[in-house]
Amino acid sequence: MTRARAVACSNIALAKYWGKASVAENLPATPSLSLTLAGLRTITEVEVDPSLSCDHAELDGAVLTGRPLERVAAMLDRLRARAGVSTSARVVSRNHFPTAAGLASSASGFAALALAGARAFGLDLPLETLSDIARASSASAARSLFGGFVALPAGGRCAERVASGEHFPLSMVVTLTAKGAKAIGSTQGMQHTAATSPYYAPWVSHSPKLFDEVRRGVLERDFERLGVAMEQSALMMHASMLAASPAVIYLTPTTLAVMAAVRELRAAGTPAFYTMDAGPHVKVLTLPEHAARVAACVEAVPGVERTVVTGSGPDAALTDEDPRSGE
Ligand code: DP6
């Protein structure tokens, strides 16, 4: 086969990955556990084309150049090496959510690219192997090959499913607090934190405890336990960044206002907990029956652009969907 299309959903880490055990191999220093989200999807087509002299890639209609193109080509190189071929490829990808704004679009992007690229180069690989290939490009992408609740161990090469989404149905109210791309990418942000923050080592050594709590919360369907540990994981990760020199600050006044609104909701009896990644947006985890109320509450916070309410998504899969067609 010379052309293949794949769809992968993004994921939000409930227990965070922040820091690398090996920079050369891109192995995570902390164990992470995520929820794959149906509402944040990437569709990617890879076409192997012998007439091309180098790889060509397009994301949301814009031609990639520089570092983003190099990252795509590096993954294609790994796939070519496995397949024993040297042909260049044309990649067309579409994100069905805002790109590079801290919504982990690289996660679904590299997961979809791993699957579509493997097929296009004639490889039929299991999800575990594709997860390993995706991890080398972006560690959070390793988790997006699997649906539901997914773990990537510290030092781990591939992610593993912890539980299906049906095991514990949850809603994520993705709250967009700003327009546009983030200032510092997560790779750079975590490297800088590791190099300069005195709070980095305590974060790495404490993260397995938070991971275990999140995992137990999921397995035992204990929302309170899950939520408390999830918030602490996010805040401890951000604390490590705030203590870097100079500080890495992704949180804005609107981020803090949404966090306060969630705490107020909780104090008034609505189960809801927040988490933030390498960006200003807030993802609020709640039970499905409370999602509409949580969304209405955070949308009323000044500065909030909009919300996307979504639940657990499936494994990455081959698709007929054309990334050139819009929403
Ligand atoms: C804050 O996976 O983007 O979203 O491996 O360097 O590409 P690289 O980093 P990336 O980092 C994601 C960090 C995070 C937390 C998480 O998703 O676990």
Side-chain angles (χ1 to χ4, degrees), residues 8-37 40 42 67-68 70-72 74-75 97 99-111 113-114 131-146 149-159 162 172 174 181-195 200 203-204 207-208 210-211 214-215 229-242 244 248-251 255 274-283 285:
C9 296
S10 197
N11 69 79
I12 298 295
L14 313 180
K16 302 295 186 193
Y17 148 59
W18 191 254
K20 297 176 195 292
S22 162
V23 172
E25 291 193 85
N26 203 37
L27 298 173
T30 64
S32 57
L33 196 157
S34 57
L35 178 61
T36 296
L37 294 176
L40 307 177
T42 300
R67 186 71 194 125
E70 280 168 29
R71 289 182 80 183
V72 169
M75 174 175 286
F97 61 98
T99 303
L103 284 184
S105 52
S106 67
S108 49
F110 284 116
L113 181 63
S131 172
D132 186 352
I133 291 168
R135 192 258 322 136
S137 292
S138 192
S140 56
R143 301 184 308 237
S144 271
L145 270 307
F146 299 94
F149 298 92
V150 185
L152 178 63
R157 296 190 167 274
C158 69
V162 170
M172 191 70 92
V174 179
K182 60 191 169 188
I184 311 168
S186 37
T187 307
Q188 201 193 335
M190 71 176 78
Q191 302 277 79
H192 176 70
T193 303
Y200 177 69
W203 150 248
V204 171
S207 63
L210 297 173
F211 170 84
V214 166
R215 190 167 170 280
M230 179 186 83
E231 279 193 0
Q232 197 182 358
S233 176
L235 292 172
M236 200 163 174
M237 175 184 78
H238 281 278
S240 76
M241 302 179 202
L242 293 173
V248 180
I249 308 177
Y250 291 111
L251 313 181
T255 312
Y274 52 73
T275 185
M276 295 77 58
D277 293 289
H281 311 300
V282 185
K283 294 91 178 192
L285 192 66

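Just so you know, these numbers come straight off a predicted model, no measurement behind them. Ligands are counted one by one from 1 in listed order, and the atoms in each one are counted from 1 as well.
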Handout entry: Residue Arg71 vicinity, atoms of ligand 1 by number, heavy atom under 4.0 Å
Key = 7 (O)
Completion exercise
Honestly, for Arg143 the part within reach of ligand 1 (heavy atoms, under 4.0 Å) is side chain
Problem - Contacting atoms of ligand 1, where contact means under 4.0 angstrom from a heavy atom of Ala13 - result: 16 (C), 17 (O), 18 (O)
Practice task
Indicate yes or no: does an N/O atom of Ala141 lie under 3.5 Å from an N/O atom of ligand 1?
Solution key: no
Fill in the blank from the handout: Note: ligand 1 atoms sitting under 4.0 Å from heavy atoms of Lys20 are 5 (O), 6 (O), 8 (P)
Exercise for the section: Using the side-chain contact (heavy atoms from CB on, under 4.5 Å) rule, take Tyr250 and Ile184 through it: C-alpha gap first, then chi angles, then the decisive distance, then the call. Expected result: CA-CA 8 Å; Tyr250 291 111; Ile184 311 168; 3.8 Å; yes
Problem - Minimum heavy-atom distance between Ser106 and Ala141, given as atom pair plus value - result: O-CB, 4.0 Å
Problem - Residues that Arg215 engages under salt bridge (Lys or Arg N to Asp or Glu O under 4.0 Å), provided they are two or more places apart - result: none
Fill in the blank from the handout: Counting heavy atoms under 4.0 Å, the part of Ser140 that contacts ligand 1 is both
Completion exercise
side-chain contact (heavy atoms from CB on, under 4.5 Å) filter on Thr275, not counting sequence neighbours, yields Ile12, Lys16, Met230, Ala234, Lys283
Exercise for the section: Mark the output for Met190 as yes if a heavy-atom distance to ligand 1 is under 4.0 Å, and as no if none is. Expected result: yes
Handout entry: Contact partition for Asn26 relative to ligand 1, non-hydrogen atoms under 4.0 Å
Key = side chain
Handout entry: Subset of ligand 1 atoms that lie under 4.0 Å from at least one heavy atom of Thr187
Key = 6 (O), 7 (O), 8 (P)
Completion exercise
Shortest non-hydrogen pair, Met190 vs Tyr17, comes out as SD-OH, 3.5 Å
Completion exercise
Counting from 1 in the order shown, the ligand 1 atoms closer than 4.0 Å to a non-hydrogen atom of Ser186 are 3 (O), 9 (O), 10 (P), 11 (O)
Completion exercise
What one should report as the nearest heavy-atom pair of Leu251 and Gly279 is CD2-O, 4.4 Å
Problem - Smallest separation among heavy atoms of Ala159 and Ser131, with atom names - result: N-OG, 2.9 Å
Practice task
Could you say whether the N/O atoms of Lys16 and ligand 1 ever approach to under 3.5 Å?
Solution key: no
Exercise for the section: Quick one: closest heavy-atom pair of Ala139 and Asn26, and the distance? Expected result: N-ND2, 3.4 Å
